[in-house]
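Contents: one structure, followed by commentary.
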Amino acid sequence: MLSRVFGLGRRAFDSLSEQEILALAISSEEDDARIYRAYADGLREEFPQSAKVFDAMAEEEDGHRAALIELHRARFGERIPLIRREHVRGYYERKPDWLVRPLGIDKVRDQAEAMERQAYRFYVEAIKRTSDASTRKLLGDLAAAEQGHESLAHLLGDKHVPEDVKEEEAAGERRQFILTYVQPGLAGLMDGSVSTLAPIFAAAFATQDTWQTFLIGLSASVGAGISMGFTEAAHDDGKLSGRGSPLKRGLASGIMTTVGGLGHALPYLIPHFWTATTIAVIVVFFELWAIAFIQNRYMETPFLRATFQVVLGGALVLAAGVLIGNA
């Protein structure tokens, strides 16, 4: 761990020979091509036009690598030293595609542009470390190419992904986000916020004991979260419905269910009953308005209708809990 933080066991860039700089450039171009192909594979099923952009960028990196290998063969022979990014102190790092999933279109395009900027800076610094004319020429050409490729994602996007396709892909990405995260999360938040109102406030008014009320609220919230999470994950694998990973949907539903219940359970950590109850009621008010906002923002439910449904339903459940607790 300390060696990674402080760069121990790594070479300084200034200490690399010209052969090692070429070897580092070769391995970097190879890694970049692999990353672009991984991006393309990750996007191909849902965004085939954008996948073509990254296929073309991978081919560009292959061309750079081939030119560097030919130069290394001419100057130093067939054996290329093994040196990679992680061997050089302060060298930029690349995130493999599995670390940046889910592969959102804007995310991978931004990542591609950042990769090209970093590659440009590397070649500019590498030129300063070389004296051979042919090496300096190739590195300079590659620096210019990488600088031009900084906008390659947009240039290729104009070719493979016209504006109407971009809008279609963006709409598809938003729809998938709603189906995978917003819809199950909203269902969980509604269930956690509304269904726990009655038991929590019934316990509060029946016992007048804030600690016991908190424990009941905690158990109801956690239990409801586990139940909702498993139900969401188990009832639909997402293959036919297109709703995405059942694990992601289950986590979204379970976590938001727990959060919805804990919102008005946590105030009962305050030992004074009426203070805790007043704060809990205020929290409930904000929870219900948040649900109405999400319904309007993502589910396109008219705001007044969403407000009426959620606030009225929550108020009825809250009143039922209070009445039962005072019975």
Side-chain angles (χ1 to χ4, degrees), residues 13 16-88 91-101 103 105 107-127 129-130 132-161:
F13 182 76
L16 300 182
S17 66
E18 291 190 20
Q19 182 183 16
E20 289 170 332
I21 288 174
L22 282 178
L24 179 59
I26 291 168
S27 67
S28 297
E29 294 287 356
E30 182 177 5
D31 288 346
D32 287 354
R34 288 178 175 175
I35 291 173
Y36 288 144
R37 286 196 171 89
Y39 286 168
D41 291 342
L43 295 171
R44 200 176 313 282
E45 182 176 351
E46 296 183 20
F47 310 107
Q49 296 303 315
S50 287
K52 293 180 181 178
V53 172
F54 293 98
D55 282 330
M57 295 184 74
E59 292 177 5
E60 288 280 335
E61 301 305 306
D62 286 340
H64 296 174
R65 179 173 59 89
L68 288 164
I69 290 175
E70 286 302 317
L71 178 62
H72 186 280
R73 181 181 288 116
R75 289 198 60 198
F76 303 108
E78 296 289 337
R79 189 187 68 81
I80 301 176
L82 176 60
I83 180 168
R84 307 183 70 87
R85 294 186 178 101
E86 59 267 25
H87 302 152
V88 180
Y91 199 68
Y92 60 87
E93 296 183 358
R94 296 281 195 253
K95 288 185 178 181
D97 70 297
W98 54 270
L99 284 179
V100 293
R101 288 185 182 271
L103 294 180
I105 300 232
K107 181 185 293 185
V108 292
R109 284 177 181 160
D110 291 344
Q111 182 70 11
E113 291 184 2
M115 289 169 64
E116 299 296 344
R117 286 195 297 271
Q118 292 170 343
Y120 166 72
R121 288 195 292 268
F122 162 71
Y123 285 121
V124 169
E125 292 301 316
I127 291 172
R129 300 289 307 157
T130 58
D132 176 73
S134 60
T135 303
R136 289 177 64 89
K137 180 180 183 305
L138 177 59
L139 295 179
D141 290 343
L142 291 177
E146 298 292 354
Q147 188 176 33
H149 295 162
E150 187 173 325
S151 59
L152 183 59
H154 292 297
L155 294 174
L156 292 174
D158 293 337
K159 175 182 177 182
H160 294 296
V161 192

Could you measure the distance from the [atom1] atom of [X] to the [atom2] atom of [Y]? Nearest 0.5 Å is fine.
X    : Y    : atom1 : atom2 : answer
E60  : D32  : CD    : CG    : 12.5 Å
R65  : I26  : CZ    : CD1   : 9.0 Å
R75  : L138 : CZ    : CG    : 11.0 Å
E20  : L82  : CD    : CG    : 11.0 Å
L68  : L139 : CG    : CG    : 7.0 Å
E125 : I21  : CD    : CD1   : 10.0 Å

Indicate the atoms forming the closest heavy-atom contact of [X] with [Y], along with that distance.
X    : Y    : answer
A23  : I80  : CB-CG2, 3.8 Å
F122 : F13  : CE1-CE1, 3.6 Å
A143 : Y120 : O-CD1, 3.1 Å
T135 : E18  : OG1-OE1, 4.4 Å

Any donor-acceptor pair under 3.5 Å from S27 side chain to I83 backbone: yes

From E29, R37, M57, E30, residue fulfilling side-chain contact (heavy atoms from CB on, under 4.5 Å) relative to D62: R37

Pairing residues for E70 by the side-chain contact (heavy atoms from CB on, under 4.5 Å) criterion, not counting sequence neighbours: R73

Between S134 and D132, a side-chain donor and acceptor under 3.5 Å: yes

Side chain proximity check, H72 to P81, heavy atoms < 4.5 angstrom: yes

E61/I35 under side chain to side chain contact (heavy atoms under 4.5 Å, CB included): CA gap, chis, key distance, verdict: CA-CA 10 Å; E61 301 305 306; I35 291 173; over 6 Å; no

Evaluation steps, salt bridge (Lys or Arg N to Asp or Glu O under 4.0 Å), between D41 and R44: CA-CA 5 Å; D41 291 342; R44 200 176 313 282; 3.0 Å; yes

